Q: 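Following this message is one structure expressed as structure tokens.
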There are 2 protein chains.
Amino acid sequence: MNGVLEARPALGELEREVIELFVRMADVLSLPRSVGEIYGLLFIASDPLCLDDCRIRLNISKGSTSQGLKILRSFGAIRTVYIPGDRKDYYVAETSLRKIASGFAGEQIQPHVHSGKERIARIREILDQYSGDDRELLDEKIEHLENWQKRASKALPLILKLIGG
Amino acid sequence: MNGVLEARPALGELEREVIELFVRMADVLSLPRSVGEIYGLLFIASDPLCLDDCRIRLNISKGSTSQGLKILRSFGAIRTVYIPGDRKDYYVAETSLRKIASGFAGEQIQPHVHSGKERIARIREILDQYSGDDRELLDEKIEHLENWQKRASKALPLILKLIGG
DNA sequence: CAGTTTGTTCAGTACATTTTGAACATTATG
DNA sequence: CATAATGTTCAAAATGTACTGAACAAACTG
């Protein structure tokens, strides 16, 4: 424990607003609230913070903090920094939108796109060994799906270029 | 009630797969599962379906069905069709990706972008009446946020163009 | 106009996800 | 080696969201 009483001061108004901004973003991206809180705190922090810094200032549990940092690391939204003479891990927010977006896309979006692709292929197979009055109509519909799938696949990298600069 | 025993046959393999595809999509888009089910059913159906058709074939409640159809209408993912001599509402899936995507963007994304914009403006105000050692550093960070915000705002319409054709 | 059909709303419940906190593993320190 | 520091994991609890089903409203029907 830290000897000094207020080594980790409570959050100020500015910090609270910034954190809330990222909490909302996390919500949109279907990430846990705590992930948004932690990223927000690191984003606005002047110095690298360790797990306990985050936990205490955000008033969340050790487990959530550990999990949240893991998720943020998983798509490169934060970086660890080495602090000489300290064996804790310290973190800073990655601020390159390109890096974060492409990490997020690769980790959280691509898998969905991929499994969607597989499912459509499966649907195509089912349809191919089917015959009935509506066969032609169904063929058109599945073709339509395949078309959407292709457009989505092509759009994703372009979107990343667009956002990432 | 329908006099015929099997006027609404159970879902076939093809239908189930297509519905599951849209259930996964709904999940990615943070929409209720039932919304995905209903859209999937309408997408693959050969004819317009009414509320009870959906409810019975998907085995979900009247309330969910009503809510789901409302949501799908709200961003133009389905259209109502008039069937002479029947006072029920019938629905078909809208299949223009452009229409669906822009409806979804306007209804479910824009509000978030907008409130994010407001929050960043608020943060800017807070910062402007603040002075401290780290003022300059904070200024840079908030500028960074404003930059992200602008890029997201500009990207959204371009993405729609990109996807919609 | 009483009864039926159709669709909406909403309080309560069911369900899924996140958070907690304690137990555990690992590495450092004296 | 015993103790402390650091971080992870996971079962249980808390939380938030979607679903159900019944009550209701509105519009049609005979």
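Order of the sequence lines fixes the chain letters, A, B, ..., with proteins taken first and strands second; residue numbering starts at 1 for each chain. Nothing here was measured: the structure is a model prediction, and the numbers come from that model.
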Q: Using a heavy-atom cut-off of under 4.0 Å over every strand shown, decide if B/K62 touches base, sugar-phosphate, or nothing.
A: base
Q: Rounded to the nearest Å, what distance is computed from the CG atom of residue B/L49 to the C1' atom of nucleotide C/dG7?
A: 16 Å
Q: Between B/R24 (side chain) and A/G116 (backbone), is there a donor-acceptor pair under 3.5 Å?
A: no
Q: Measuring from the side chain of B/L51 (C-beta onward, heavy atoms only), which nucleotide among D/dG7, C/dT9, C/dT8 has the closest atom?
A: C/dT8
Q: State whether the side chain of B/H112 and the backbone N or O of A/M25 hold a donor-acceptor pair below 3.5 Å, judged by distance alone.
A: no
Q: Output yes when at least one side-chain N/O atom of A/R33 is less than 4.0 Å from OP1 or OP2 of C/dT20, else no.
A: no
Q: Which nucleotide in the set C/dT20, C/dT9, C/dG7 lies at the smallest distance from any side-chain heavy atom of A/I60?
A: C/dT20
Q: Rounded to whole Å, please give me the gap between CD1 in B/I56 and P in D/dT20.
A: 14 Å
Q: Nearest heavy atom decides the nucleotide; on that basis, is A/L31 or A/G63 closer to the 5' end of DNA chain C?
A: A/L31
Q: Between B/R55 and C/dT8, is there a contact of a side-chain N or O with OP1 or OP2 at under 4.0 Å?
A: no
Q: Just compare C/dT19, C/dT8, D/dT9 and give me whichever is closest to any side-chain atom of A/S66.
A: D/dT9
Q: Can a donor-acceptor pair be found, under 3.5 Å and without considering hydrogens, that links the side chain of A/R79 to the backbone of A/Y91?
A: no
Q: Return the value, rounded to whole Å, for the distance between atom CG of A/D27 and atom P of C/dT19.
A: 11 Å
Q: Check whether any side-chain N or O of A/S66 sits under 3.5 Å from a backbone N or O of A/K62 as a donor-acceptor pair, and report yes or no.
A: no
Q: Kindly say whether A/C50 contributes a backbone atom to a donor-acceptor pair with the side chain of A/D53 at under 3.5 angstrom?
A: yes
Q: Under 4.0 Å from OP1 or OP2 of C/dT19: is there any side-chain N or O of A/S61 that close?
A: no
Q: Any base atoms under 4.0 Å from A/S34, or only sugar-phosphate, or nothing? Heavy atoms, all strands.
A: sugar-phosphate
Q: For A/I60, is there any backbone N or O sitting under 3.5 Å from a side-chain donor or acceptor partner on A/S64?
A: no
Q: Between A/R73 and B/E37, which has a closest nucleotide on DNA chain D that is more 5'?
A: A/R73
Q: A/L29 CG to C/dT18 P: how many Å, rounded?
A: 13 Å
Q: Can you tell which of C/dT19, C/dT8, D/dT6 lies closest to the side chain of A/D86?
A: D/dT6
Q: Could you tell me how far apart A/Q67 (CD) and C/dA22 (C1') are, to the nearest whole angstrom?
A: 16 Å
Q: Report yes if at least one side-chain N or O of B/S64 is closer than 4.0 Å to OP1 or OP2 of D/dT20; otherwise report no.
A: yes
Q: Which whole-number value in Å describes the distance from B/I71 CD1 to D/dT17 P?
A: 13 Å
Q: Please report, rounded to the nearest Å, how far the P atom of D/dC19 is from the NZ atom of B/K70.
A: 15 Å
Q: Closest approach to the side chain of B/K88, judged atom by atom: which nucleotide of C/dT19, C/dT6, C/dT9 is it?
A: C/dT6
Q: Just how far, in rounded Å, is P of D/dT6 from OH of A/Y82?
A: 14 Å
Q: If you go through the side-chain atoms of B/R87, does one of them form a donor-acceptor pair with the base of C/dT6 closer than 3.5 Å?
A: no
